[in-house]
Each structure stands twice: as structure tokens, then as C-alpha cells.
Amino acid sequence: MPEEDDFTVTPYAVEGDIDYDRLLDRFGADALTEGQIAAFPDPVHPLVERSVFYAERDVEPFLDAVSEGSTHSIVTGRGPSGPLHIGHVVPLYFAKHLQDQTGALVYIPFSDDEKSFLKDVSIETISDRSRENLLDLLAIGFDPDRTRIVVDTADADVIYPLAVAFAREITQSTVDATYGDPENVGLSFYPAVQATHLLLPQLVRGRHPTLVPIGIDQDPHVRVCRDVAAKQRYDVDKPGALLSKFLPSLGGPGKMSSSDEAPSILLSDDRETVFEKIRTHAYSGGQSSVEAHRKQGGDPAVDVSYQLLYYFFEGNNERMEQLASEYRNGSLLSGELKDIAAEKIADFLDEHQQRRQQLGPLEDELQQYRLTQLERETARNRAGYPDNSLTQQ
Ligand code: TRP
């Protein structure tokens, strides 16, 4: 098999044993440097410090704006294709953390259109899933004054005219070269929609640095959007990106995915289910018997329970080092490590679920996060629609 072909990473497929460094060459993004990591607001989030977010495009203008205290925004979104699992919320919780630290504006688009082009599920099902996913999003507790949530089909009055403007800048051959031949015209058009998402903060608030923290599979959308911005037809800068590795699947290295053989851990799982899934399915870096493990020790680098703690659920570095060394020297058994991970994840989910239960009806809660009429008009104007356009009401 040719070297390039042993893994696939696109917005629509992630397969094989991913070589994250080679992927950067393929995509033309840069590894995050020590200096950039240190420039994140203090304390640097473990996801950045531990290189889960490991690569970037134009992260520096964003970090400069953070340190100067000037306007800066974050865009991170969700394709509502099914129930949320713990891998999906990593960028969302990260955005919440940065917003708390720096007062960042956060824009969260829901691409329900994209998922209906992609999956063989009805529009009704996607719509139900959007509602469920939105409740989970609201449970994260973003600041309503600084956060906007848009749903492509529900906020079509603003998304569609902007996407139309940007679609003119994206050729079919760019789409084919970036994504492979799209299956339907919806997927051909969708890059213009995601470009709209990534430029929306600047269209609403004027030109300013935007950062898109996102799984690296989404980088093609960022590239297409940056090309649109680079044409300078609109008063926007290219959005920057912070690209992450994937939370491992319980079954072993590889992205956690709803279509895996091993189950993913859902945001709705109760404690018992979390323990059961981890005890039964989490790939272990330990030895096959207790005696062998006590003698030879385990390998945290391939142990999924350890990796889940490292990636997201245990922020304390000393604790991580202690677990790694006890695992390597055999004093910590696989089963014990699994229970430590399960406990942490179950605590996280408990808190999330409690916040979700306290929410009122979705429409009421969502209201405070929707774009205002003025924001909608401003965005359409900046995309070139005149005041007398029929899109303005
Ligand atoms: N396409 C993303 C996905 O499938 C969801 C998404 C839509 C998104 N717009 C976005 C993610 C903007 C980040 C930024 O998961």
C-alpha cells in the first residue's frame, strides 16, 4: 500500500492509524510551538499544555488580542448527527474555559443541513437530535451576553444570504480537490455554509481575530474559509485554527466514534453505565495476568483509560505522573486504573447532567443566545446586502 494511503482524515471519514505529524504536512498546518503554548492565558489549559490541541493556523493574532484585551472570538460548532459523546464536547468545554478566562465571544453553529446531506436519516430525526444536542450545549453554561448559537435551518435568514455570497468565491474544483467528489449538491454547497460560520463573528462585530478550536478532520473547512477571506472582497481576516487530535475510542487508538464497535461514552450515561463500558471495553496497556503485570508493569501510552484521563478528565499533572509511574512499575493494576478513569468521567457527567436538568424549556433558554435583529442586519450588510435588500426586514 502506498505510504499516503494508510490513514484517512477528512470531514466525512476518519480511518486507520493516524500519523498526526504527517497529517500536518498533508494539510499544511503547523505544530503549536512552545512559545505559542506559553502565550495562552494562565493557567494554560491541559488540552493545550499536553498537546491534544497540537497544531494551528494563525493562532498568534488571537493570542495577541487576548493579551491586549481587544475583541476576539471563538467559533466551534456541532453537526447534530446523533447523541453527544464525550469526544464531541472537548472543544465546547475548551471554548467555555477560554471564555471564562478572557471574555471571548463564542459563536456556536449547528449544521443540521450538513448532517441531512450526509446521513441516511430523516430531517425529522435530525431535528429531534438538534433539540437534544442543544440542551447539552446549553448545559455547558456559556455566558449569554457573549455567546451566539445559530442553527443553519432555523437561522436561515442570516446564514443563507451569507452562504450565497461566499459560495460565489468557492469553485467546484476546489471542493472536489478538498473533499473528494461530493455525493450530492448539498455537500458541494455546504463548505460555503461552514465558511459563513467561521466568518460570522467578524460579520457581526467587525474585523477581529477569530480562533476555531476543532478536531483536525475539520481543517479542510477552515482552509476553504481562509481562501474566501483571503480574497479580500469582504472586510474580514482569515480565521485562525487550533487543531486537535481525537479522543481515543474505547477499543484502542483511533477516534472515538458513534459507529465504532466499542461503545462510546455518551453524555447521558449514568455512573453504572460508564463503569460498565470502561471495565468491559477500555483497551488496556496492562499485562494479561496480575502476576505478569506486577512484574512487567503496563504501558500508559496505549492504555485507553490512562489516555482519557490525560486528554481531558484529569487536569492535575502530578497526579498524571503518579498514575503513569505506578502503572509502569506494576503497582497500579489495569482494573484499578479503569476505575479511576470511570470515576472521573462519571463525576464530570453527573455535573453536566445536573446542569442540563435545571434548564427550562429549550425555546426559552435558547432565546438569550440567538442573534439579535440588529446583529442579523449588520452581518447581511457586511456581506454586501444593501439596506433596501429584501433580506432585511
Ligand atoms: N462540521 C462540523 C461537524 O461535522 C460541525 C460544525 C459546523 C462546526 N460548523 C462548525 C465545527 C464550525 C466547528 C466550527 O462536526
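For ligands, and for the atoms within them, numbers begin at 1 and follow the listed sequence. None of these values were measured; they are calculated from a predicted model.
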- Query: What are the atoms of ligand 1, with element, lying closer than 4.0 Å to any heavy atom of L198?
  - Reply: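 Atoms satisfying the 4.0 Å criterion: 12 (C), 14 (C).
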**Report entry** Under 4.0 Å to a heavy atom of R78 - the qualifying atoms of ligand 1, by number
**Finding:**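 It comes down to these atoms of ligand 1: 5 (C), 6 (C).
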Identify the closest protein heavy atom to [atom]: which residue and atom is it, and at what distance?
atom	answer
atom 5 (C) of ligand 1	G79 N, 3.4 Å
atom 2 (C) of ligand 1	Q218 OE1, 3.2 Å
atom 14 (C) of ligand 1	G77 N, 3.4 Å

Are [X] and [Y] ion-paired here, with the side-chain N under 4.0 Å from a carboxylate O?
X	Y	value
R22	D6	yes
R328	D299	no
D30	R57	no
D339	R279	yes
R271	D350	yes

Below 4.0 Å from any atom of ligand 1, is there a heavy atom belonging to [X]?
X	answer
V193	no
P109	yes
K115	yes

Distance-only N or O hit between ligand 1 and [X], under 3.5 Å:
X	result
H197	yes
H221	no
Q194	yes

**Message:** Given the ring of F7, does R26 sit roughly above its face, with NZ or CZ under 6.0 Å from the centre of the six-membered ring and within 45° of the axis?
**Reply:**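 So R26 does make the cation-pi contact.
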With a 4.0 Å heavy-atom cut-off (strictly under), which part of Y107 contacts ligand 1: side chain, backbone, both or neither?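 The answer is neither; Y107 stays 4.0 Å or more away.
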- Task: Please test D143 against K96 for salt bridge (Lys or Arg N to Asp or Glu O under 4.0 Å), starting from the C-alpha separation and ending with a verdict.
- Result: CA-CA 8 Å; D143 173 359; K96 156 79 176 150; over 6 Å; no
Item checked: Side chains of F110 and R129 in contact at under 4.5 Å (non-hydrogen atoms) ->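 No. Closest side-chain heavy atoms not under 4.5 Å.
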